[in-house]
Amino acid sequence: QVQLVESGGGLAQAGGSLRLSCAASGRTFSNYVMGWFRQAPGKERELIATINWSGSSTSYADSVKGRFTISRDNAKNTGYLQMNSLKPEDTAVYYCAANPVFLRTSDYRYWGQGTQVTVSS
């Protein structure tokens, strides 16, 4: 089992920044691919960023590419999502997730509880 706890959400103004953290406990964090998802009201959950086990490979959805950066510190068992140039359409509940292998779907095995991000215009 891997337990994930997100933090760092809140209210930001358009153009501002937030950094989300995802603290992992349980099994060895470095054995898992990590993904960040978000879900806005009335919309499907969207995969926005992934990072491989070592942190050497990342991928992003077009909606956040160039603005968000995913990273991880395996020594601290923590993943991060740096969000810059925020837009009102980034408003959503953000989830981190972990899975033994890379997936482009939402079928990740372990999930955090989510953290709300609200961007005002």
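Along the sequence shown, residues are numbered consecutively beginning with 1. For the numbers below, each heavy atom of this structure counts, side chains included, while hydrogens, waters and symmetry mates do not.
A salt bridge links Asp62 and Lys65; the closest N-O separation between the charged side-chain nitrogens and carboxylate oxygens is under 4.0 Å.
Screening residues 28-91 for disulfide bond (SG atoms under 2.5 Å apart) gives no qualifying pairs among residues at least two apart or on separate chains. Listed by first and then second residue, the disulfide bond (SG atoms under 2.5 Å apart) pairs that reach into residues 82-121 are Cys22-Cys96, sequence neighbours excluded.
Legend: residues meeting side chain to side chain contact (heavy atoms under 4.5 Å, CB included) with Ser71, ordered by chain and number and at least two apart, are Tyr80. In this structure, Arg27 has no salt bridge (Lys or Arg N to Asp or Glu O under 4.0 Å) partners at least two apart in sequence or on a different chain. By the side-chain hydrogen bond (donor to acceptor under 3.5 Å, both in side chains) test, Asn52 pairs with Ser56, sequence neighbours left out. Partners of Ser25 according to the side chain to side chain contact (heavy atoms under 4.5 Å, CB included) rule, which considers only residues two or more places apart in sequence or in another chain, are Gln3. With sequence neighbours excluded, no residue forms a side-chain hydrogen bond (donor to acceptor under 3.5 Å, both in side chains) with Glu89. Annotation: side-chain hydrogen bond (donor to acceptor under 3.5 Å, both in side chains) contacts of Ser59 (sequence neighbours excluded): Thr50. In this view, Asp107 satisfies the salt bridge (Lys or Arg N to Asp or Glu O under 4.0 Å) rule with no residue, not counting sequence neighbours. Applying the side-chain hydrogen bond (donor to acceptor under 3.5 Å, both in side chains) test to Ser17 and every residue at least two apart in sequence or in another chain returns Asn84.
Between the CD atom in Gln13 and the OG atom in Ser121 there is a gap of 9.5 Å [rounded to 0.5 Å]. Annotation: the span from Gln116 atom CD to Glu6 atom CD amounts to 12.0 Å, rounded to 0.5 Å. Taken to the nearest 0.5 Å, the CD atom of Glu46 stands 4.5 Å off from the CZ atom of Arg38. Atom OG of Ser106 sits about 9.5 Å away from atom CD of Gln39, to the nearest 0.5 Å.
Formation of a donor-acceptor pair under 3.5 Å by the Arg67 side chain with backbone atoms of Ser85 is found in this model.
Applying the 4.5 Å side-chain rule to ILVMFWY residues, one finds Val33, Phe37, Leu47, Trp53, Val93, Phe102, Leu103, Tyr108, Trp111 in the same cluster as Tyr95. The hydrophobic cluster containing Ile48 also includes Leu18, Leu20, Phe29, Met34, Trp36, Ile51, Tyr60, Val64, Phe68, Ile70, Leu81, Met83, Leu86, Tyr94, Val117, Val119, under a criterion of side-chain heavy atoms closer than 4.5 Å among ILVMFWY residues, counted directly or through chains of members.
For Leu4 against Ala98, the heavy-atom pair with the smallest separation is CD1-N, 3.7 Å. Taking all atoms of both residues into account, the shortest heavy-atom contact from Tyr110 to Gln1 is CE2-OE1, 3.5 Å.
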